[in-house]
Amino acid sequence: MALKCEACSLCRQPNIGTVRISGTGNSTSPIMVVLGRSTREDDRSGRAFQGTANQFFKNILKSAAINPDNCYFTNTVKCVQFGEDKEIAKESFQVCPNIWLKKEIDLIKPKVILALGNDAYEALTGNQSVIKDRGSLHVYSGDGYSSYVLPTYSPYYMAQAPNNSHLVSQCVTDLRKVNSIITGKFGFWSDDLLDNGTLDYSVIDSLTKLQEVVQKAYKSGVLACDIEARKADPYRVDSTCVGPGYPLVSIQFATNEAEAFFLPWANVDFQTEDNPEGFAFSEEDRKLFIEELRPLLEDPDDRVTLIGHNFKFDAKWINKYLGIKCKLDYDTMLASSFMGEASNRLKKLAWSYTSIGGYEDAQDEYTKGLPGPDQWDMFKYPLSVIIPYGCADADATLRIYHRFVADGVVNKRNAFVFESIITASNAFTDIENEGIHVDRPYLSQLDMDLELEMRKFEEEFRMMAHAEIEELNAEIYKESLGKKGLPLKHKNTGFIISSNDHISRLFYDKMKMPIDDKHRSKKTKDASTGAKALQLLVPNYPIARKLLDWRKVSKQKSGFVDAYPEFLDSNDRIHPDFKLVKYEDSDSGDLTGAITGRLSCSDPNLQNVPARGEGVRVKRLFIPDYKDEHLLVDFDFAGVELRVAAMYCQDPKMIAYFNGDQADFHAYAASQIYGCSVDQVTKAQRTLAKTFNFCILYGGSAAKVAELTGVCVEEAEKFIEDYFKVFPGLAQWIKGQHRFAKQNGYVTSMFGRVRHLADAMIVPKTREENNRHEAALRRAVNSPVQGDASDLTLLSLGRIWKYLSSFPHSDPSKPSRLRGSVHDSILLSVHVDDAGEIIPHIKFNILENPGVDFITSKGVSLRADVSAGPSWGDQTDIEF
DNA sequence: ATGGCCGGCGCC
DNA sequence: AAAGGGCGCCGGCCAT
């Protein structure tokens with residue numbers, strides 16, 4: 001079996017057994033399975049696809065109704081690699097598949113090539129991420145034939161967590177396609193589908209046609225809707241797009257599968273000198289169209305189920321540019337996030353759940369030919385490109401919805417959360433569209449104030465280490481010189497206060513400050529210049545204090561004040577983007593949103609506005625909708641995470657306390673630990689107990705408690721012990737969560753969320769595995785607590801939104817409105833004349849009375865604190 | 001120029 | 001040996 005090959009360095013390894021390990025299985029098979037690199041088992045036997053993980057994969061094949069004996073198996077790189085040399089790995093990967101894998105495919109001429117894992121996928125298609133692309137279909141062109149490449153997870157990836165069932169079931173979903181591809185039954189996009197009438201996509205070119213579509217929607221009872229627009233942010237079109245053109249490009253609808261409608265609104269194809277905005281219709285016609293669409297999309301009588309994919313985005317555009325407030329009923333992106341999908345992009349779901357996967361190819365091709373700034377500016381794409389694409393978006397959304405309904409993606413377990421998220425999607429469409437009011441004059445003032453403070457602190461800082469900085473300056477200048485003796489452009493030529501490298505060299509090298517080994521970078525072992533490390537140096541080195549002062553102000557300026565102007569609209573309002581689930585941003589490809597069910601917020605992030613100390617001046621930037629007539633009102637769930645923990649653990653002491661009149665749980669915990677009455681608790685003791693409380697929820701160790709509280713580790717250990725003696729139920733519950741996660745690899749919340757924690761199941765053998773394992777156990781405790789606390793807030797937010805939408809506002813032109821949410825708090829702009837009615841109703845009837853039995857039956861009351869004022873940073877508590 | 005990584009830091 | 005859950009965003013730095 002010693003085949004010859006000397007193409008790369010692998011065959012020159014001293015201990016190599018087999019050069020060019022052969023593929024195995026049925027060489028006349030229509031199914032070729034390609035793995036990544038050959039394994040040592042492969043090397044020993046001289047044949048591909050050996051080892052337990054591969055055996056495991058054969059069983060997965062069987063559960064997808066594929067007979068493994070009828071497949072051909074091989075590797076991307078045909079020799080095993082001993083050792084970890086990255087150069088050799090790279091060389092072999094570039095050389096080997098291009099010689100041998102190609103020949104092998106030519107020989108077998110399979111109909112389907114399964115690419116298992118990233119290496120195989122990249123070698124066969126040039127694409128890189130199996131996690132993102134699994135289940136999609138690609139064409140491999142051979143000489144006189146072509147094959148379909150189907151990427152899915154590698155056996156090793158799945159086998160490392162054998163009970164991680166959602167990975168396996170995703171893989172089975174992918175593999176089920178194989179047989180239908182072979183029999184020609186698997187459908188995917190082809191332009192022929194349009195030509196031969198399989199797909200009926202048409203343009204709405206008249207009011208009559210639109211009326212027909214509306215009637216079709218009422219008849220079918222479902223309507224998938226999607227829009228195309230210029231760029232991603234409806235509130236910053238002017239600063240992100242080049243040239244004239246109306247921002248809203250089109251709206252697409254689908255009422256039945258394979259039938260979709262394209263309503264053009266504005267496009268480069270319509271653009272003339274008289275019509276620079278490129279409108280498709282006259283102004284009168286546009287008005288008629290809008291009024292025809294309004295009842296359909298606002299749907300006051302609930303006649304249609306409106307479906308979208310990440311529809312908050314589309315609804316904002318429709319709201320801003322057509323003045324229609326869509327009422328969303330189902331969202332395929334939000335729904336798919338419940339399935340543990342790594343990627344929820346519509347294009348990807350189309351591969352998995354429809355027969356028009358790949359419809360975006362033509363449009364992607366067109367995009368590549370556009371200059372950078374015009375890419376994804378849909379106004380500039382010709383109608384011939386965007387009509388089929390836009391229609392397919394709506395069609396795919398509808399088909400995915402049908403599949404999700406048939407598959408029961410929204411089930412008994414998660415229906416309540418899903419309902420709450422859909423309502424929140426509608427609520428946040430309004431919140432984001434209306435934006436939050438910013439005090440623009442004060443913004444300029446604060447900008448100047450901070451600028452001056454920064455300069456002052458930096459000057460003082462430089463004075464305090466003048467000689468050392470001069471010395472460092474010279475060194476840094478020398479380092480910046482290139483071969484010609486001139487400073488290189490991309491290098492700094494002098495000391496910069498914001499460079500952690502420079503600070504580190506100044507403090508630890510020049511000034512010889514002692515390094516606390518606890519504060520070193522995990523990766524590089526460099527000494528930290530972070531706040532915790534600097535804090536220790538402050539008593540002996542006042543310059544450390546000065547740097548901390550500078551950083552505080554610098555953070556306030558660059559992180560907040562500097563960032564806001566670009567988000568401000570002409571009404572001095574900022575339109576942040578709240579994320580309701582964790583998903584893959586379709587523009588950047590980044591994962592965004594929170595895995596626990598919390599909301600996240602960006603552009604700008606209103607959930608990390610400084611609140612403590614001098615930082616409140618940033619918070620004062622945010623003001624009510626109308627000066628004097630409105631108040632900014634903040635509703636805050638008091639200690640909601642601890643209350644949720646009490647619901648779970650049913651510890652009688654915790655419950656009794658939370659149901660009592662006063663509710664300073666931190667002081668209470670301290671009194672229990674120190675064996676004194678609540679009013680005897682000192683401030684320091686309360687702070688200590690508060691730190692404990694959070695450490696418990698986050699799974700912090702004694703060392704962490706010690707670090708945060710300043711007590712020694714032994715003392716911290718004792719306190720934790722005492723704490724669990726006081727609340728034995730809590731300790732029991734935490735143990736139970738650990739046990740459950742170890743056995744099942746996931747945990748669930750009261751609201752019905754599932755958090756997959758595959759690492760909880762591993763039996764750790766190495767330090768690294770142990771870290772991952774313990775991190776998973778900490779999450780098993782924190783996830784449901786954080787998730788339910790957020791779901792209580794989300795539920796309340798939706799109820800407030802509904803309540804306010806039918807509230808008889810004393811001045812309907814200046815109604816009280818929701819403005820945002822920060823995890824366990826909800827922010828509103830409330831009319832002073834209505835505050836007396838609205839505030840108590842929200843506090844008592846909504847927040848403190850969630851109205852769901854799986855919460856109320858736990859016997860733990862909820863408490864909402866309320867504060868109000870003329871700005872977000874200037875708030876007074878309201879007593880009841 | 002642009003993108004990714006990292007240290008650092010703001011919030012709950 | 002390492003040991004805090006969940007986010008988004010900034011500037012510096014280095015690779016492309």
The test is ring-ring contact (aromatic ring centres under 6.0 Å, His included); show your working for A:Phe665 and A:Phe727 and say whether it passes.
CA-CA 12 Å; A:Phe665 184 77; A:Phe727 305 117; 5.6 Å; yes

Can you check the A:Ile496 CD1 to B:dG7 C1' distance for me, whole Å?
15 Å

Using the P atoms only, state how far C:dA3 lies from B:dG7, rounded to an integer number of Å.
13 Å

Under 4.0 Å between any heavy atoms, over every strand shown, what does A:Lys579 touch: base, sugar-phosphate, or nothing? Just pick one.
nothing

Among the nucleotides C:dG5, B:dG7, C:dC7, which one has an atom lying closest to any side-chain atom of A:Ser600?
C:dC7

Which nucleotide wins on minimum distance to the side chain of A:Asn605, given the candidates C:dC9, C:dG12, C:dG6?
C:dC9

Side-chain atoms of A:Ser521 come closest, of B:dC12, B:dG7, C:dG5, to B:dG7

Looking at A:Ser528, does any N or O in its side chain come under 4.0 Å of the phosphate oxygens OP1/OP2 on B:dG8?
yes

Strictly below 4.0 Å: does A:Asn492 bring a side-chain N or O up to OP1 or OP2 of C:dC13?
yes

Identify whether any heavy atom of A:Ile595 sits under 4.0 Å from a base atom; if not, whether one sits that close to sugar-phosphate; answer base, sugar-phosphate or nothing.
sugar-phosphate

Taking the side chain of A:Arg755 as its heavy atoms from C-beta onward, which of C:dG6, C:dG4, C:dG12 lies nearest to it?
C:dG6

By the 4.0 Å heavy-atom rule, please label A:Ala594 as base, sugar-phosphate, or nothing.
sugar-phosphate

NA contact type, A:Leu599, heavy-atom cut-off 4.0 Å: base, sugar-phosphate, or nothing?
nothing

Looking at every strand, decide which applies to A:Thr529 at a 4.0 Å heavy-atom threshold: base, sugar-phosphate, or nothing.
sugar-phosphate

Looking at every strand, decide which applies to A:Ser790 at a 4.0 Å heavy-atom threshold: base, sugar-phosphate, or nothing.
nothing

Under a 3.5 Å cutoff, is there a donor and acceptor pairing between the side chains of A:Asn492 and A:Tyr477?
no

Rounded to the nearest angstrom, tell me the gap between atom CD1 in A:Ile476 and atom C1' in C:dG12.
12 Å

C:dC13, OP1 or OP2 - any side-chain N/O from A:Ser499 closer than 4.0 Å?
yes

Closest to the side chain of A:Ser498, out of C:dG12, B:dC9, C:dC10, is C:dG12

Between atom NE2 in A:His823 and atom P in B:dG10, what is the gap in whole Å?
15 Å

Need to verify one output field. Residue with the more 5' nearest nucleotide on DNA chain C, A:Lys532 or A:Asp603?
A:Lys532

Under 4.0 angstrom, heavy atoms only, what part of the nucleic acid is A:His502 near: base, sugar-phosphate, or nothing?
sugar-phosphate

How are the rings of A:Phe694 and A:His666 set relative to one another: parallel (under 30°), tilted (30 to 60°) or perpendicular (over 60°)?
tilted

Let's see if you can work this out: which of B:dG10, C:dC13, C:dC10 has an atom nearest to the side-chain heavy atoms of A:Ala563?
C:dC10

Which part of the nucleic acid, if any, lies within contact of A:Ser825, taking any heavy atom under 4.0 Å across all strands shown: a base, the sugar-phosphate backbone alone, or nothing?
nothing

Closest to the A:Lys491 side chain, choosing from C:dC14, C:dC9, C:dG6
C:dC14

Looking only at side-chain atoms of A:Arg551, point me to the closest of C:dA2, C:dC10, B:dC9.
B:dC9

From C-beta outward on A:Asn608, which listed nucleotide comes closest to its side chain: C:dA1, B:dG10, B:dG8?
B:dG10

With a 4.0 Å cutoff (strictly under), does any side-chain N or O of A:Arg778 reach OP1 or OP2 of C:dA3?
no

Output field: ring centroids A:Tyr541/A:Phe507 closer than 6.0 Å:
no

If you look at every strand shown and take non-hydrogen atoms under 4.0 Å, does A:Gly593 touch a base, only sugar-phosphate, or nothing?
sugar-phosphate

Have a look at A:Asp562 and say if it touches a base, only the backbone sugar-phosphate, or nothing, with a 4.0 Å heavy-atom cut-off.
nothing

A:Lys518 side chain near C:dA2 phosphate (N/O to OP1/OP2, under 4.0 Å)
no

Could you tell me whether the side chain of A:Arg598 has a donor or acceptor atom within less than 3.5 Å of a complementary atom in the base of B:dC12?
yes

Protein-nucleotide distance (A:Lys552, atom NZ; B:dG8, atom P), rounded to Å
15 Å

Pick base, sugar-phosphate or nothing for A:Asp526, based on heavy-atom distances below 4.0 Å to the nucleic acid.
nothing

Testing the basics here: between A:His575 and A:Tyr235, what is the closest heavy-atom pair and its distance to 0.1 Å?
CB-CD1, 3.4 Å

Parallel, tilted or perpendicular: which describes the rings of A:Phe692 and A:Tyr723, with under 30° parallel and over 60° perpendicular?
perpendicular

NA contact type, A:Lys619, heavy-atom cut-off 4.0 Å: base, sugar-phosphate, or nothing?
nothing

Does either side chain, that of A:Lys619 or that of A:Ser871, offer a donor lying less than 3.5 Å from an acceptor on the other one?
no

Round to a whole Å and report the spacing from NE2 of A:His519 to C1' of B:dC9.
15 Å

Considering only heavy atoms and no angle criterion, is a donor-acceptor pair shorter than 3.5 Å present between the side chain of A:Lys555 and the base of B:dG10?
no

Closest-nucleotide mapping onto DNA chain B: is A:Val609 or A:Gly530 further toward the 5' terminus? I mean the 5' end.
A:Gly530

Between C:dG5 and A:Tyr698, is there a base-stacking contact, meaning the centre of the base's six-membered ring lies under 5.5 Å from the residue's ring centre while the planes stay under 30° apart?
yes

So what does A:Ala531 hit on the nucleic acid, given a heavy-atom distance under 4.0 Å: a base, only sugar-phosphate, or nothing?
sugar-phosphate

For A:Ile734 and C:dG5, what is the distance between atoms CD1 and C1' respectively, to the nearest whole Å?
13 Å

Nearest-Å distance for atom pair NZ/P, residues A:Lys557 and B:dC9:
19 Å

Parallel, tilted or perpendicular for A:Tyr746 and A:Phe740, by the 30°/60° rule?
perpendicular

Fit a plane to each ring of A:Tyr648 and A:Trp733, take the angle between them on a 0 to 90° scale, and name the class: parallel (under 30°), tilted (30 to 60°) or perpendicular (over 60°).
parallel

Ignoring the backbone of A:Gln786, work out which of C:dG6, C:dA2, B:dC12 is nearest its side chain.
C:dG6

Could you give the CG-to-P distance, from A:Leu450 to C:dC10, as a whole number of Å?
16 Å

